[in-house]
Amino acid sequence: MATRDIRKQIGDLRDKIRRHDHLYYVLNKPAISDHEYDGLYKELKDLESEHPELITPDSPTQRVGGEPVKGFSVVRHIAPMLSMDNTYSSEEIREFDKRVKKNLKADSVGYVVELKFDGVSISLLYENGIWVRGATRGDGVEGDDVSNNLKTIRSIPLKFAGETKKVPRSLEVRGEVYMNTRSFEKINREKERNGEEPFANPRNAAAGSLKLLDPKMVAGRHLEIYIYGIGHCEGMEFKEHVEVLEYLKSAGFRVNPHFKLCRGIEEVIEYCDSWESRRDKLDFEIDGMVVKVNDLAARERLGATSKSPRWAIAYKFPAERAMTEVEDIIVQVGRTGAITPVALLKPVHLSGSTVSRATLHNFDEIARLDVKIGDKVYVEKSGEIIPKVLSVAKDKRTGKERYFRIPAKCPACGSKLIQIPEEVAIRCENVGCPAQIKETVLHFASRDAMDIEGMGTAIVDQLVDKGLIKDYADIYYLEVESVRNLERMAEKSAANLIAGITKSRENELHRLIYALGIRHVGEHSAWLLADNFNSVQRLADAGLEELVSIHEIGQVMAESIYNFFRSKENLKILKKLKDAGVRMAQAKTKETHGKLSGKSVVITGTLKSFSRSQAEDLVRKAGGNPSSSVSKNTAFLVCGEEAGSKLDKAKALGVKVIGEEEFKKMVR
Ligand SMILES: [Zn+2]
């Protein structure tokens with residue numbers, strides 16, 4: 001056969017398969033048997049393997065072609081993927097409507113109401129109707145390129161598959177990848193059989209699956225998608241959101257049929273309510289409804305805040321509840337040392353997943369609920385929060401229930417637990433506690449603390465897991481030889497990391513005090529402490545009264561500092577820091593007569609050249625006091641972009657307002 005004929009034959013087969021994929025996966029209306037479909041697929045596959053030069057990325061055979069990857073590259077979204085503000089009552093939805101009408105100076109506004117899928121937001125990019133790439137939402141600006149994984153979702157067209165002939169030059173569509181309830185339960189059963197930790201809910205399962213590095217495994221997870229809008233479009237114009245949805249459908253995308261164009265907010269509320277009672281009928285999870293302004297020009301006019309669009313809002317359903325039994329109560333150490341009691345429950349079905357543990361938050365909560373081991377309790381799950389115990393069914397008590405005793409020692413390290421009088425939480429204050437070490441080391445090395453470059457999560461995880469460090473002081477005993485073999489480390493980066501560590505030994509005292517991770521001691525307090533005590537030793541020796549006598553150091557912080565230096569474990573770590581040559585005292589030269597000497601300065605809004613804490617540092621270096629609230633005593637307000645109420649207040653009080661450029665000149 002001539003190549004031209006083969007090319008045509010392959011093209012026809014692909015079109016056929018695409019049409020049947022669309023009928024089967026998107027429209028749920030298969031027109032041929034699985035057997036016939038497999039026949040077409042095999043024919044195409046055979047032809048392509050005889051003529052590999054004719055394989056194109058949009059061929060149906062290329063969905064699971066990708067090889068396992070080491071990680072995902074980062075892509076920048078063409079238009080930012082903003083998140084939506086949440087509301088929880090009809091009253092709040094009416095408030096939203098009032099705001100929209102006021103901003104648009106309109107008497108009535110049309111809204112499209114859609115289901116709020118509880119999955120993972122993604123964006124798909126097409127050029128001239130051909131798939132280019134797909135990415136996760138990430139932080140809204142940049143996400144992970146998960147193209148190979150998304151391609152395994154058969155309802156995502158690799159080439160527009162519907163009846164439309166209109167194809168824009170560039171189209172970024174937005175949608176939600178989810179896992180239906182049946183697949184979710186199947187996967188969890190498999191996981192349990194394999195002795196693995198099951199997924200907490202279908203959303204976690206979908207998110208976890210999209211992050212798998214092997215597309216073949218992703219294909220086995222049976223992910224699905226609903227497309228609900230576009231982020232960016234070139235070469236086509238739309239006037240209304242309903243028109244966008246209709247177009248997406250006609251281009252072969254899977255659009256959920258349950259949406260409604262409502263005239264007026266009462267109709268919106270009615271539609272939301274109707275789904276609240278019907279949500280169980282769906283074979284996937286929704287956690288609420290989304291209300292969007294239909295008119296796209298009106299959306300333009302409404303715009304967005306830095307976080308969310310002003311033309312849309314999410315309405316979240318109230319959480320679901322169930323009754324079950326408390327089989328035991330155990331305690332966990334959080335990453336920051338707080339000890340949390342956890343109720344182990346007799347497994348119960350709740351909001352589409354099986355719940356077997358619930359947080360009790362703290363020990364006061366146990367007392368407030370009066371919950372005992374063996375009690376029947378009501379549990380609630382809302383959004384991504386772990387289920388919590390709502391109340392005890394006391395009328396169901398048999399008399400066999402047992403009280404829970406608060407443990408005296410940390411379950412992770414065995415050191416004595418401490419309860420601060422003013423606080424409900426009980427804590428393990430040992431900064432060397434294995435349950436907390438990763439967090440304390442990351443904090444220690446962070447930019448505003450010891451500022452050790454290269455000491456990020458990936459490295460800290462490995463250092464701790466491989467037993468190379470047991471506390472943050474151990475950082476100073478690392479050598480190039482020991483870090484060179486870590487993943488993502490080469491000779492040069494290992495040398496750089498060690499150089500960064502070495503350099504941090506000379507840091508100013510306030511950085512070290514902040515880095516120690518004394519609870520309640522933030523950057524500003526660390527500065528005050530460094531200023532007042534001049535050395536770690538003097539600070540460690542300070543009594544409670546002396547600490548409290550310092551302006552801005554309250555009772556709670558004073559006790560926290562005092563206790564920190566009374567822990568044997570902590571003192572050992574401090575000695576290690578000292579032995580490693582970390583500077584433990586204030587440097588001799590200290591600027592006391594800066595341009596801002598004694599002046600109170602407030603910073604508001606976003607500055608272009610500095611972070612908030614950098615700017616505050618500069619104020620201090622120039623002898624001034626950064627403050628967080630505007631008062632009559634404020635010398636001036638430094639005003640960045642998107643300044644809020646502080647600017648209004650400064651104007652009202654007649655406080656001088658300066659811009660970033662002027663501020664720069666002052667602190668130089
Ligand atoms: Zn501990």
Side-chain angles (χ1 to χ4, degrees), residues 333-340 362-364 367 406-410 412-433 435-437 439-440 443-444 448-450 471-473 507-578 582-587 590 592 600 616 620 625-629:
V333 203
R335 280 157 59 94
T336 56
I339 306 285
T340 15
N362 54 50
F363 300 98
D364 275 13
I406 298 177
K409 287 179 176 169
C410 170
C413 71
S415 59
K416 199 164 154 274
L417 296 179
I418 290 175
Q419 175 153 34
I420 314 252
E422 257 86 320
E423 283 184 46
V424 285
I426 292 183
R427 292 179 171 273
C428 167
E429 299 275 86
N430 171 14
V431 290
C433 175
Q436 302 168 55
I437 171 162
E439 189 71 12
T440 51
H443 170 76
F444 186 86
D448 297 329
M450 293 302 260
D471 55 58
Y472 48 58
N507 276 345
E508 288 166 271
L509 180 64
H510 68 95
R511 281 187 174 274
L512 176 64
I513 292 176
Y514 176 59
L516 293 178
I518 308 169
R519 214 156 24 82
H520 299 300
V521 176
E523 278 183 86
H524 178 66
S525 317
W527 192 283
L528 288 173
L529 293 171
D531 228 24
N532 278 277
F533 293 98
N534 287 312
S535 79
V536 173
Q537 192 55 53
R538 280 272 300 111
L539 176 61
D541 292 341
L544 270 177
E545 262 174 53
E546 190 180 1
L547 287 164
V548 177
S549 72
I550 298 168
H551 181 60
E552 290 187 77
I553 304 281
Q555 185 72 27
V556 171
M557 200 195 299
E559 280 182 29
S560 171
I561 297 165
Y562 184 82
N563 285 329
F564 181 91
F565 291 108
R566 298 299 167 292
S567 146
K568 256 191 256 156
E569 288 88 356
N570 291 352
L571 293 179
K572 250 187 247 163
I573 294 171
L574 288 173
K575 179 160 187 310
K576 269 161 71 181
L577 283 174
K578 194 172 163 212
V582 175
R583 206 174 75 191
M584 312 289 277
Q586 194 86 274
K590 201 178 140 259
T592 47
S600 168
E616 287 176 355
R620 290 192 195 96
N625 297 317
S627 166
S628 57
S629 60

Across all chains, not counting sequence neighbours, the side chain to side chain contact (heavy atoms under 4.5 Å, CB included) partners of Asn507 are Met450, Ser504, Arg511

Residues passing the side chain to side chain contact (heavy atoms under 4.5 Å, CB included) test with Ser549, sequence neighbours excluded, are none

| Is it true that Glu546 and Arg538 make a salt bridge, defined as a side-chain N closer than 4.0 Å to a carboxylate O? | yes

Taking the side chain as C-beta and beyond, is there a heavy-atom pair between [X] and [Y] under 4.5 Å?
| X | Y | result |
| --- | --- | --- |
| Ile550 | Phe533 | yes |
| Gln419 | Arg427 | no |
| Ile426 | Ile406 | yes |
| Ile339 | Phe363 | yes |
| Val521 | Leu529 | yes |
| Val536 | Phe565 | yes |
| Leu516 | Leu577 | yes |
| Cys410 | Cys433 | yes |

[X] (side chain) donor-acceptor with [Y] (main chain) under 3.5 angstrom:
| X | Y | result |
| --- | --- | --- |
| Gln555 | Val548 | no |
| Gln436 | Cys428 | yes |
| Asn430 | Lys568 | no |
| Asn532 | Leu528 | yes |
| Ser560 | Arg519 | yes |

Gap between atom [atom2] of [Y] and atom [atom1] of [X] - 0.5 Å precision:
| X | Y | atom1 | atom2 | value |
| --- | --- | --- | --- | --- |
| Ile518 | Tyr562 | CD1 | OH | 14.0 Å |
| Glu429 | Asn570 | CD | CG | 7.5 Å |
| His510 | Ser525 | NE2 | OG | 13.0 Å |
| Ile561 | Met557 | CD1 | CE | 6.0 Å |

*Would you name the heavy atoms of Val333 and Ala435 that are closest together and state the gap between them?*
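Minimum heavy-atom contact is CB-CB, 3.7 Å.
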
When every non-hydrogen atom of Glu616 is compared with those of Pro626, the smallest separation belongs to CG-CB, 3.7 Å

What verdict does the side-chain contact (heavy atoms from CB on, under 4.5 Å) test give for Asn625 and Arg620, after you've listed the backbone C-alpha separation in whole Å, the side-chain angles of each residue and the deciding distance to 0.1 Å?
CA-CA 6 Å; Asn625 297 317; Arg620 290 192 195 96; over 6 Å; no

Would you please indicate yes or no on a ring centroid separation below 6.0 angstrom for Tyr514 and His443?
yes

Check: Leu539 and Leu547: side-chain contact (heavy atoms from CB on, under 4.5 Å), yes or no, with the steps?
Finding: CA-CA 9 Å; Leu539 176 61; Leu547 287 164; 4.0 Å; yes

Verdict with supporting geometry, Leu571 and Lys575, side-chain contact (heavy atoms from CB on, under 4.5 Å):
CA-CA 6 Å; Leu571 293 179; Lys575 179 160 187 310; over 6 Å; no

Asp471 meets the side chain to side chain donor-acceptor pair (under 3.5 Å) criterion, sequence neighbours left out, with Lys576

**Arg566 NZ/CZ over Phe564 ring centroid, <6.0 Å and within 45° of normal** =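 Ring-cation test returns no.
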
Between Glu559 and Asn563, is there a side-chain donor-acceptor contact under 3.5 Å, judged purely by atom types and distance? no

As a quick check of understanding, evaluate side-chain contact (heavy atoms from CB on, under 4.5 Å) for Met584 and Leu512, giving each step before the final call.
CA-CA 8 Å; Met584 312 289 277; Leu512 176 64; 3.7 Å; yes

